[in-house]
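Beneath this line is the structure, given in C-alpha cells, with notes to follow.
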Amino acid sequence: SQSIFLMYRIAVSSSSFIGQQSVDAATSFEGISPRDLAESLGRQGWACQQRQQLAEALEHYRSALALLETGENRPLWRLIVPLKNNVATILRAKGHLREAEGYYIQAINMMEECDTPPWGKELADLYANLAALYSSASMPEASVRMQEQSLRILEGACPSDYPLQKKRH
C-alpha cells in the first residue's frame with residue numbers, strides 16, 4: 001500500500017495534465033489497478049484525517065474518487081461511499097456545508113440504488129451524518145427528518161431480538 005502510494009505521488013508530480021493527474025498516474029503503472037490505487041489513497045487519506053491533516057486527507061480522498069468514478073462505478077460502491085462520506089465529514093468540519101451536503105446525498109443515493117441492499121448501519125450512519133450537518137446549519141426540521149430516517153433504517157436492519165427492537169415492542 002505504501003509503495004503504491006509513493007509510486008502514485010511520483011507519477012502525479014511528473015504529470016503535465018492537471019485535471020487528469022489521478023487518472024494519468026493510475027494508468028502509468030503496469031499491474032496496478034485504479035481500484036488498488038484508490039484503496040491505497042483512501043487509507044492514506046484516513047491516516048491523514050486521524051492526524052487532523054484535513055487538507056491532505058481531502059486531497060487523497062478526492063484523488064481516490066477520481067480514479068473510481070472514471071469507469072462503471074456501481075460495482076465499486078463499497079469503496080466510493082466511504083470516500084464520499086469522509087470527504088463530506090472533512091468539508092463539514094471546515095464549514096463548507098453545502099458542498100458536504102452534496103457528498104452525503106451522493107453517497108446516500110448510491111447506496112439506495114444498489115441492486116442488493118446489504119447496507120443497514122452504513123446507510124443509517126450517512127443519514128445521521130447528514131442530520132448532524134443540518135443541525136450545525138441551523139436547519140432543525142431537516143435534521144429531525146434525517147435522524148428519523150436513520151432510526152427507521154437501524155430498526156429495519158436489526159434482528160427482532162436486538163435490544164433496540166425489544167424496547168420498541
Spatial distance of atom [atom1] ([X]) from atom [atom2] ([Y]) [nearest 0.5 Å]:
{"X": "Asp125", "Y": "Ile153", "atom1": "CG", "atom2": "CD1", "result": "9.5 Å"}
{"X": "Leu67", "Y": "Leu41", "atom1": "CG", "atom2": "CG", "result": "6.0 Å"}
{"X": "Met139", "Y": "Met146", "atom1": "CE", "atom2": "CE", "result": "9.5 Å"}
{"X": "Cys48", "Y": "Glu56", "atom1": "SG", "atom2": "CD", "result": "5.5 Å"}
{"X": "Ile108", "Y": "Lys84", "atom1": "CD1", "atom2": "NZ", "result": "12.0 Å"}

Exercise: identify the closest heavy-atom pair between [X] and [Y]:
{"X": "Leu58", "Y": "Ile90", "result": "N-CD1, 4.0 Å"}
{"X": "Ala100", "Y": "Leu133", "result": "CB-CD1, 3.5 Å"}
{"X": "Leu83", "Y": "Ala64", "result": "CD1-CB, 3.6 Å"}
{"X": "Leu97", "Y": "Ser136", "result": "CD2-OG, 4.2 Å"}
{"X": "Val81", "Y": "Ala107", "result": "CG2-O, 3.8 Å"}
{"X": "Ala57", "Y": "Gly45", "result": "CB-O, 3.3 Å"}

I'd like to know if the side chain of [X] pairs up with that of [Y] as donor and acceptor (distance under 3.5 Å, no hydrogens or angles considered).
{"X": "Gln147", "Y": "Ser143", "result": "yes"}
{"X": "Thr89", "Y": "Tyr103", "result": "no"}
{"X": "Arg145", "Y": "Tyr134", "result": "no"}

So do Met111 and Leu126 actually touch side chain to side chain, heavy atoms under 4.5 Å?
->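 Contact flag for Leu126/Met111 side chains = yes.
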
How about Glu101 and Leu91: do any of their side-chain heavy atoms sit closer than 4.5 Å?
->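 Not in contact.
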
Is Ser40 reaching over with its side chain to a backbone N or O of Asp36, donor-acceptor style, under 3.5 angstrom?
->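 Looks like no, no N/O pair under 3.5 Å.
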
Donor-acceptor pair, Arg35 side chain versus Leu79 backbone, under 3.5 Å?
->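 Between the backbone of Leu79 and the side chain of Arg35 there is no qualifying donor-acceptor contact (under 3.5 Å).
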
What's the verdict on side-chain contact (heavy atoms from CB on, under 4.5 Å) for Ile80 and Gln106, showing C-alpha distance, side-chain angles and the deciding distance?
-> CA-CA 10 Å; Ile80 295 171; Gln106 289 171 20; over 6 Å; no

Cluster check Tyr61, Ile105: I/L/V/M/F/W/Y, side chain < 4.5 angstrom |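 Yes: a chain of side-chain contacts under 4.5 Å links Tyr61 to Ile105.
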
Quick one: do Glu99 and Arg62 make a salt bridge, cutoff under 4.0 Å?
->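 So Glu99 pairs with Arg62 through a salt bridge.
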
May I ask you to check whether over 12 heavy atoms, not counting those of Arg51, lie within 6.0 Å of atom CZ?
->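 Yes, CZ of Arg51 has more than 12 neighbouring heavy atoms, counting only those of other groups under 6.0 Å.
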
